[in-house]
Amino acid sequence: MKILIREGRIVNFDAIQNADILIHNSRIIKIGRIEEKADKEINARGKVILPGLIDMHTHLRTPGWEDREDLTTGSLAAAKGGFTTIFCMPNTSPALDNEGYLKWIIKEAERIGIVDIYPVGAITKSREGKELTEFGILKKAGCLCLSDDGDPLEDVSLLRKALEYAGMFNLLIISHCEEKKLSYTGSMTESVISSKYGMEGIPSISESIGVFRDLELARYLKVKIHLAHISTKRSLEIIKKAKEEGVRVTCETAPHYFILKVEDLEKNNFHANFKVNPPLGEEEDIEAVKEAIKEGVIDCIATDHAPHSIAEKELPFTKAPFGFIGLEFAFALSYTYLVKRKIIDLKGLVEKMSYRPANILGLKDKGYIKEGAFADLAIVDLNQTWEVNKKDIVSKSKNTPFIGYILHGLIEYTFHKGKIVYNRAVSSRL
Amino acid sequence: MDGWQKKHLLGIKDLSRQEIEIIFELAASFKELSQREVKKAPALRGKTMINLFFESSTRTRTSFELAAKRLSADVLNFSSSSSSLSKGESLEDTIKNLEAYHPDILVIRIGYSECLHNLSRYTLASIVNAGDGNSEHPTQALLDMFTVKEIKGKLDGLSVLIVGDITHSRVARSNIFGFQKFSAHIKVCGPSTLIPYEFDKLGVEISYDFDEAIRDADVIIMLRIQKERQEISFFPSIREYVEKFALTAERIKKIKKDCIIMHPGPVNWDVEISSQLKEELHPLILKQVENGLAIRMAVLYLAGTKKRKYEDIN
């Protein structure tokens, strides 16, 4: 099967070119002016073609909470958002802590055939922070990175062992930085607003203390580490300094950390759809996140897609679970708030959402549009605006604070290994 | 009532000075009603009020109940522990169930801060906040202010000192928002671990020295020390707390001559206030209770005369 994409504007992290793309089966075989006939032709004039987006941080709730999201709906949501590769976190029930679960997820994702799903293995058994999982066996099962996600290792000595041991297998440790004794049962950033409303706060230092601890370990052990969803100004200062000193650290943020702030909770009467961890920060945090994206202190933008049921998010703010869904909006949010506002250009966004994640995780033939690479592509109409609407969401869960937002940049097609896995004209109302 | 536009009473922070004055005016006339032989007015006849308490409270609940009865409303008391909610029964379901009885007023006490606005979408009734988490307890602040106004004849420009656990006090917050609307100077005093983060940004002065702060206060509100909050220990011992922050016979000598000392009750005698002062202070605290009834009658009257209308649902 050959597919020819005509006259698109191909955007890689380092260059833009107007050219045709010829796909044969799963790979791109030619880029340039193509006369050849194909089985199917798509006209991409006026559209941009991006390497398929890669999300380093997704929660697919499988196994255990398939009523919130399953591998199929998660894949559909990803494809709709232009993602072709997603990494799902192990905070499932049971936790993804052995090769059986990992192999099953990889197989299921292949069977579903919409996007590549890489399970992130747990660092410790049942994510209890006590005993390491079998990193070598997990690696053999297809695991590329490890994390205990929302329950960071409290035991620093165990984290040291994990970092050392993971290095032997070239496995990346992804750390959710949070000093839980400080965040305790808080539900929003400790601030004059939390004080005014009598809400238990999460001090911003609960993140930065975690960041500092992890970076000291990485520096000392000379190992690499990736920090998840960084949200505060202070954390970014610490990361920047560490990077300057040669610590092998990479980090990500999520779109809500450069768009929403703690005041948005007040404006929305503390609806739980605005509750997320790390919590929405102050104006200075948003500015720092944007600056760090621009400077490259932040390597990538992930979604932290976190599905929750309607009933869970109708609970009182202090009682409801943390998290937003994000796969379907991450590109448009980032394009609207970063590119349209000239924080970074489109190439920069491609770097943050595709090239760098591929690079950090060592994904071969992904993250860059070139001959021989997998035909993982997103065709985007940047001139379209659209409204985030609950009824258009394909994820099983609808918990997003961005309902009603008007965004720029609409995904028209998503190709995964040469197959059209999303076509806006046929698969959605949008 | 002219000038009253609110459907709900969710917090003092949402009220204007004028709205507070409307409540006071009504409360004064209802207070007079309670001193008559026949203590009943037909103002809310045919209306239904539900007391919906997710946290135990006898005093506030009975005050609302009696206030409603004095205004001839039908009253239903519904208590449910917050723990049953966490077992999967949702607040939304509870409110929707009660909505089937077409209540006019829901008086709600609940342990979760700032959840009432979201609940108001499930009912056509007016919601009156009887205490939500650590956020607000508007009728308590209204009765405190009303009491001060009765004694002092005015509210403007007073120095108000609030002493105790500020972090976990909805009474403190409502009083701060209320007195601030009358240009009061507010000082909070308590252990540094129980003063919220950046609290001075709300225009409040912070003091850790009760002996000093006590001198220039026109009004002192002593808060109840919630012993159940000891899950994380905020101060080493009650003994040390008493030593530094209790109102004692010694300290009371330093107050201004016409200083008013209040407490939302019930008092932990010998914790926040020495029982040596019981005889001296109890009458005023009971006056607060009496005024509480009048304030709640006023609030229920305003809430109950708002029509149940679909347009009000957001």
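Throughout, protein chains are lettered first and strands after them, A, B, ... in sequence-line order, and every chain is numbered starting at 1.
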Tell me, yes or no, whether the heavy-atom count around [X] atom [atom1], taken from other residues, nucleotides or ligands under 6.0 Å, exceeds 12.
| X | atom1 | value |
| --- | --- | --- |
| A/Ile406 | CD1 | yes |
| A/Lys241 | NZ | no |
| A/Phe212 | CZ | no |
| A/Glu287 | CD | yes |
| A/Lys240 | NZ | no |

Quiz item: At what distance, to the nearest 0.5 angstrom, does NZ of B/Lys13 lie from CD of A/Glu266?
Solution: 8.5 Å
Quiz item: When only heavy atoms count and the cut-off is under 4.5 Å, which of residues 198-209 of chain B reach chain A?
Solution: B/Glu198, B/Phe199, B/Lys201, B/Leu202
Exercise. Name the member of A/Ser187, A/Ser191, A/Ser194 that forms the most heavy-atom pairs with chain B at distances under 4.5 Å.
Key: A/Ser191
Quiz prompt | Nearest atoms (heavy-atom pairs only) where A/Gly198 meets B/Asn134 | solution = O-CB, 3.3 Å
Practice problem: Indicate the atoms forming the closest heavy-atom contact of B/Asn118 with A/Phe270, along with that distance. | Solution: ND2-O, 3.4 Å
Exercise. Would you check, one step at a time, whether the test side-chain contact (heavy atoms from CB on, under 4.5 Å) holds for B/Arg173 with A/Tyr197?
Key: CA-CA 8 Å; B/Arg173 287 188 176 79; A/Tyr197 289 89; over 6 Å; no
Quiz item: Does any heavy atom of chain A fall under 4.5 Å from the side chain of B/Glu114, the backbone, both, or neither of them?
Solution: both
Quiz item: Picking from B/Cys115, B/Ser169, B/Ser135, which has the most non-hydrogen pairs under 4.5 angstrom with chain A?
Solution: B/Ser135
